[in-house]
Visitor: 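Can you read through this structure? Questions will come right after.
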Amino acid sequence: MELKRIRACIAVGDAGGFRRAAAELGLAQPALSRQIRGLEEEIGARLFDRGSSGVRLTDAGRRFLDRARHLVGEYDAICREARALDRGDSGVLRIGVTPDATWGDVVPGLLGALAREMPDLDVDLREGAVVELAQSVASGALDGAFLWSDVGQAYDLASFPVAECGLCLALPEGSPLADREGIGLADLAGETLIALHQAAAPALHGALTAGISESRLRPKRVHPAQNEAEILAMVRMGRGMGLVSAWNDQRCPNGIVLRGIAGPALQMRLQFAVQEGETSAPLRRLIEMISRNARIQGSAPSKICQT
């Protein structure tokens, strides 16, 4: 059964006659009449009574027209949905984030722009630890994830740079260093440092190790943490001094002071990791936005973190 015949039947029923329906469809009246006759022959029922006073629907025609409108509406909706999915304007995008990656304006800004550009796209945002998120992307449980550093390389993921953010020193308010500006790594001799675990931020860990070596710093110990929330909690408990991203100044807990670090720049790089190979249309759109708006040079640190 041809869909154009069904549409022609609906047009005749809505218009109440062949002449008006033919004009609305841009067809010659004989051609429209042939389509309706062909449809009636195909289904084996008379849909219209034709007489000198005009055309009216039969009982079979009314029932057919009711069901036909639903059928055509569903077909049109399916086509619209397919086109939207192909353009990347709808569907579901499963994105992983570490909690601290959303504290700055970069990730919320990207996802907000994505929502404005593709209002029919549902973004399923899932928080987790860096390694957990990388594993989820590798297994296909997530479409992509915003991760600190290059941890995605261990899982053969493709990574797209998003932004760089300088590091700050998180100190308890009562620390003797809390009132100082431009604290160098050498000033931390004998202190306990709390930093992201090597598995969570391998590049940062390597830069910190090199910085400690160059400054001949002898910290009391370097305590690893799984995320920045854990670092800040330990600093607040007086367990040591933490190295965290400058984005923390937007939601720094009470009892903690953030200060900039003098000397060689220590930075964290935020990347968006996806599986290698073919990607969905919505994911390609997000990657395009990330590439257009990447802040690899980083933004200026906020006042509380300036050296």
Side-chain angles (χ1 to χ4, degrees), residues 79-167 196 199-207 227-228 245-248 250 267-300:
C79 291
R80 287 194 300 270
E81 183 177 340
R83 288 192 295 269
L85 284 169
D86 185 60
R87 294 193 306 267
D89 291 339
S90 66
V92 178
L93 201 57
R94 303 161 301 168
I95 301 298
V97 293
T98 59
D100 38 21
T102 62
W103 290 358
D105 62 350
V106 176
V107 174
L110 281 168
L111 296 181
L114 184 67
R116 290 189 296 274
E117 190 172 323
M118 293 175 280
D120 294 328
L121 178 67
D122 291 328
V123 178
D124 183 5
L125 208 58
R126 305 180 191 178
E127 286 191 351
V130 172
V131 174
E132 172 192 348
L133 294 176
Q135 291 172 340
S136 295
V137 175
S139 69
L142 289 174
D143 297 307
F146 290 96
L147 306 174
W148 288 115
S149 71
D150 54 358
V151 67
Q153 294 180 1
Y155 299 90
D156 295 324
L157 301 178
S159 295
F160 299 87
V162 178
E164 287 178 342
C165 182
L167 289 185
L196 288 175
L204 174 62
H205 186 274
N227 54 59
E228 291 192 320
S245 73
W247 291 349
N248 283 279
Q250 300 194 30
Q267 291 187 320
M268 296 175 66
R269 172 170 286 195
L270 185 65
Q271 298 183 334
F272 185 67
V274 299
Q275 284 189 359
E276 294 274 8
E278 194 68 24
T279 58
S280 66
L283 191 58
R284 288 196 299 272
R285 294 286 289 276
L286 178 56
I287 291 172
E288 289 170 4
M289 295 181 68
I290 289 172
S291 299
R292 290 199 309 264
N293 297 282
R295 300 185 188 177
I296 302 308
Q297 300 304 316
S299 56

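Positions are given from 1 along the sequence.
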Visitor: How far does CZ of F160 sit from CD1 of I290, to the nearest 0.5 angstrom?
Guide: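 F160 CZ to I290 CD1: 8.0 Å, rounded to 0.5 Å.
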Visitor: Considering all heavy atoms of both residues, which atom of S245 and which atom of N248 are nearest to each other, and what is their separation?
Guide: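 Answer, listing the atom of S245 first, then N248: O-ND2, 2.9 Å.
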Visitor: Please report the closest heavy-atom contact between L133 and G128, naming both atoms and the distance.
Guide: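 For L133 and G128, the tightest heavy-atom pair comes out as CD1-O, 3.5 Å.
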Visitor: Has the side chain of Q275 got a donor or acceptor atom that lies under 3.5 Å from a matching backbone atom of V137?
Guide: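 Such a contact is found between Q275 side chain and V137 backbone.
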Visitor: Can you tell me how far CD of E164 sits from CD of Q271, rounded to the nearest 0.5 angstrom?
Guide: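 Answer for the CD-CD pair, Q271 versus E164, is 9.5 Å.
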Visitor: Looking at side-chain heavy atoms only, is the closest gap between L270 and V107 below 4.5 Å?
Guide: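 Answer yes - side chains close enough.
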Visitor: Please find the pair of heavy atoms, one from P119 and one from R116, that lie closest to each other, and give the distance.
Guide: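 Nearest heavy atoms, P119 then R116: CD-O, 3.8 Å.
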Visitor: What's the spacing between R126 CZ and L142 CG if we round to 0.5 Å?
Guide: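 Spacing of CZ (R126) from CG (L142) equals 5.5 Å.
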Visitor: What are the two closest heavy atoms between R94 and A141, and how far apart are they?
Guide: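 Shortest heavy-atom contact: NH1-O, 3.1 Å.
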Visitor: Would L286 and V123 count as a side-chain contact (heavy atoms from CB on, under 4.5 Å) if you check the C-alpha gap in whole Å, the side-chain angles of each, and the deciding distance to 0.1 Å?
Guide: CA-CA 11 Å; L286 178 56; V123 178; over 6 Å; no
Visitor: Are V130 and L196 close enough, and set up right, to give a side-chain contact (heavy atoms from CB on, under 4.5 Å), and what steps lead you there?
Guide: CA-CA 10 Å; V130 172; L196 288 175; over 6 Å; no
Visitor: Distance from W247 atom CH2 to T102 atom OG1, nearest 0.5 Å?
Guide: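 One gets 9.5 Å once the value is rounded to the nearest 0.5 Å.
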Visitor: Roughly how far apart are T98 OG1 and E132 CD, rounded to 0.5 Å?
Guide: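 The CD atom of E132 is 11.0 Å from OG1 of T98, to the nearest 0.5 Å.
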Visitor: How many angstroms lie between atom CG of L283 and atom CD1 of I95, to the nearest 0.5 angstrom?
Guide: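 The CG atom of L283 sits 6.0 Å away from the CD1 atom of I95.
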Visitor: Heavy atoms only: give me the nearest A273-S159 pair and the separation to one decimal.
Guide: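 Nearest heavy atoms, A273 then S159: CB-OG, 4.2 Å.
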Visitor: Is there a side-chain contact (heavy atoms from CB on, under 4.5 Å) between V106 and F146? Walk through the geometry before answering.
Guide: CA-CA 11 Å; V106 176; F146 290 96; over 6 Å; no
Visitor: Could you report the tightest heavy-atom contact between L147 and A134, atom names first, then the distance?
Guide: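 That would be CD1-CB, 4.1 Å.
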